[in-house]
Amino acid sequence: MKKIIIVGGGAGGFELATDLGNKLGKNQEVQITLIDKNSYHIWKPLLHEVATGVLDEQVDNIYYAAQALQHHFQFTQGAFTNIDRDNKQVVIVDSNNETISIAYDILVIAIGSTSNDFGTPGVKEHCIFLDDQNAALQLRELLLSKFADFCSNTNKFEDKIRVAIVGGGATGVELASELPHMVDEFGTCRQNGMCSDQLDISVIEATDRILPALPEKTALSITKTLENQGIHVLTKTMITKAERDGFYPKEGDTIKADIMIWTAGVKAPDYLKEIASLESSRSNQLVVKPTLQTTRDDNIFVIGDCAYAMQDSGRASPPTAQAAHQMAKICCSNIIRMINNQPMKSFKYTDNGTIISLHDTAQGVIKLAGKSEMGVKGWFAMIIHRLLYRMHQANLIGIFRTIRFSCASKVMYKTKSSSIFTKRN
Ligand SMILES: Cc1cc2nc3c(=O)[nH]c(=O)nc-3n(C[C@H](O)[C@H](O)[C@H](O)COP(=O)(O)OP(=O)(O)OC[C@H]3O[C@@H](n4cnc5c(N)ncnc54)[C@H](O)[C@@H]3O)c2cc1C
């Protein structure tokens, strides 16, 4: 029996496991196993909503074990640590904290990325990184405890709670724009008069503008939207050090902060660098051929943020959910072709645009056929942004269950009237 192991059940790996399970899982000659360190999946682009309570992780999660049962694959919970290529085994630390090896014929690595502190002193020690659902929940707890602390003992703070977010990419901008509403909701629910005026939020970016993936005009318009929300956007501000009291820029005064968040840059996890002598990039991603197989081992595929897939443009595909989804589709097709001894397809990244959600609105660009760009904003952009999430869900659980999921979310948000969470979706 051929054993296919997929490590990482995120935007790319979970779609791949489900797709392969549906296509090959009933075949007695193939066994598909998904390995993830967590027991459930949350779509990573929504982590800022988990952190600010807009999204309830208990409603919008999908348990891997349940999905495996319905889509003909197996699930093992454990943290991947190494590959033994000679014996074709992956090494994991399972949920009982024991190190075990699992044999594979075909291995897919899809473990995503982590924040990149670029070696900046003090960042690891003093900042929160929005890397996974546990970090998002930890950030939510920290925010809530600071708000509560502020209400009961304002002496501990300057006149406001200062939140500094380093990184003017999608993660930093989307998180910043949700925070004022989280505080307003908190104040309303606790009837304590606390409101967004008591929050001082800064988005700090080293280059001369935020959102480099978007056209300058759109990025400037989003900057204005943030500033209208009372958020400071500090560009050309290179952080050289973080300490307990705040961020230290190369030039200018210390940016004092009570809550420090780092969202600048991504890299694949450090342990992936040259793992099992595979070729890796400067940001630890494993280098793949157009078929998404690693350059040094045809039995190992890599997809998503941890893959370094060079494109005709001379640049690698970006670390986005969009690319992870497209890679999952090609990888599924290539694994089936490999098993059937057929020629494989090449992965070519298609940029369909970028939309940034800004609490109750959104803005960005979509790419039309022929590659022309169209700017979108307001409710239309918001709908497209939400649709992207629902499309990911539909890939996993089907359209009808996605509609039921979406209705269930709405009912749950409305029912939880005592929560601090904004009611949307
Ligand atoms: C706040 C935020 C907003 C974003 N917005 C957008 C957006 O609007 N559009 C867009 O296209 N992209 C966006 N992104 C980027 C997008 O989330 C990622 O590019 C995408 O999730 C990558 O998919 P992946 O499958 O490679 O990894 P992930 O989705 O990160 O999945 C990795 C999986 O691997 C598991 N894992 C990790 N390490 C191990 C291990 N050692 N052992 C076992 N399992 C492991 C994790 O638990 C996880 O399930 C955003 C990211 C963030 C944080």
Side-chain angles (χ1 to χ4, degrees), residues 5-17 34-52 54-55 61-62 64 75-83 90-95 102 108-115 129-136 139 165 167 169-178 211 213-214 261-266 268-272 275 285-286 302-309 317-328 331 349 351-358 362-364 381 384-386 388-389 391-392:
I5 305 252
I6 301 160
V7 188
F14 202 21
E15 288 193 13
L16 174 64
L34 173 69
I35 298 172
D36 199 284
K37 60 183 179 178
N38 293 310
S39 60
Y40 65 86
H41 166 81
I42 292 270
W43 197 47
K44 196 173 178 184
L46 297 183
L47 283 186
H48 64 288
E49 297 198 358
V50 174
T52 50
V54 174
L55 187 119
N61 63 19
I62 302 177
Y64 292 119
F75 172 64
T76 300
Q77 187 172 356
F80 158 74
T81 55
N82 212 342
I83 309 168
V90 276
V91 184
I92 67 165
V93 177
D94 72 8
S95 37
I102 306 177
V108 184
I109 311 222
I111 55 167
S113 56
T114 60
S115 304
F129 303 97
L130 204 52
D131 281 344
D132 58 20
Q133 53 256 53
N134 298 327
L139 175 57
I165 303 170
T171 309
V173 168
E174 291 185 334
L175 176 64
S177 83
E178 288 294 350
L211 301 166
L214 285 172
I261 304 166
W262 187 273
T263 67
V266 295
D270 291 336
Y271 65 84
L272 217 54
I275 192 169
Q285 295 158 302
L286 296 178
V302 190
I303 63 170
D305 286 5
C306 64
Y308 186 84
S317 62
T320 62
Q322 210 183 129
H325 161 76
Q326 293 172 19
M327 285 180 174
C331 188
Y349 171 67
D351 181 3
N352 295 317
T354 303
I355 296 184
I356 305 296
S357 98
L358 302 159
Q363 195 169 345
I384 298 176
H385 190 267
R386 297 320 282 180
L388 293 175
Y389 171 47
M391 273 158 61
H392 167 71

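Both counts, for ligands and for their atoms, begin at 1 and track the order of listing.
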Only one of Val302, Val7, Leu34, Ile6 clears side-chain contact (heavy atoms from CB on, under 4.5 Å) with Val108; which?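 Exactly one candidate clears the test, Ile6.
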Output, or 'none' if empty, a list of ligand 1-protein atom pairs in which both atoms are N or O and the distance is under 3.5 Å, rounded to 0.1 Å.
| residue | atom | partner | partner atom | Å |
| --- | --- | --- | --- | --- |
| ligand 1 | 11 (O) | Ala321 | N | 2.9 |
| ligand 1 | 11 (O) | Gln322 | N | 3.2 |
| ligand 1 | 12 (N) | Ala321 | N | 3.1 |
| ligand 1 | 19 (O) | Asp305 | OD1 | 2.8 |
| ligand 1 | 19 (O) | Asp305 | OD2 | 3.2 |
| ligand 1 | 19 (O) | Pro319 | O | 3.1 |
| ligand 1 | 19 (O) | Thr320 | N | 3.3 |
| ligand 1 | 19 (O) | Ala321 | N | 3.2 |
| ligand 1 | 25 (O) | Ala11 | N | 3.3 |
| ligand 1 | 25 (O) | Gly12 | N | 2.8 |
| ligand 1 | 26 (O) | Asp305 | N | 2.8 |
| ligand 1 | 29 (O) | Ala11 | N | 3.0 |
| ligand 1 | 41 (N) | Phe80 | O | 3.2 |
| ligand 1 | 41 (N) | Tyr271 | OH | 2.8 |
| ligand 1 | 42 (N) | Phe80 | N | 2.8 |
| ligand 1 | 44 (N) | Lys37 | N | 3.2 |
| ligand 1 | 47 (O) | Asp36 | OD1 | 2.8 |
| ligand 1 | 47 (O) | Asp36 | OD2 | 3.4 |
| ligand 1 | 47 (O) | Asn38 | ND2 | 3.3 |
| ligand 1 | 49 (O) | Asp36 | OD2 | 2.7 |
| ligand 1 | 49 (O) | Tyr64 | OH | 3.4 |

In Å and rounded to the nearest 0.5 Å, what is the CG to NE2 distance from Leu16 to His325?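 Rounded to the nearest 0.5 Å, the CG-NE2 separation comes to 12.0 Å.
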In Å and rounded to the nearest 0.5 Å, what is the CG to CD1 distance from Leu388 to Ile355?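 Between atom CG of Leu388 and atom CD1 of Ile355 there are 6.0 Å.
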With sequence neighbours left out, what residues match Ala268 under side-chain contact (heavy atoms from CB on, under 4.5 Å)?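 With sequence neighbours excluded, Ala268 shows a side-chain contact (heavy atoms from CB on, under 4.5 Å) to Leu272, Asn284, Gln285, Cys306, given in chain and number order.
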For the residue pair Thr114 and Asp131, confirm or rule out a side-chain donor-acceptor distance under 3.5 Å.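 Note: Thr114 and Asp131 side chains miss the donor-acceptor criterion.
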Glu49/Lys44 salt bridge by N-O under 4.0 Å criterion: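 Salt bridge between Lys44 and Glu49, a charged N being under 4.0 Å from a carboxylate O: no.
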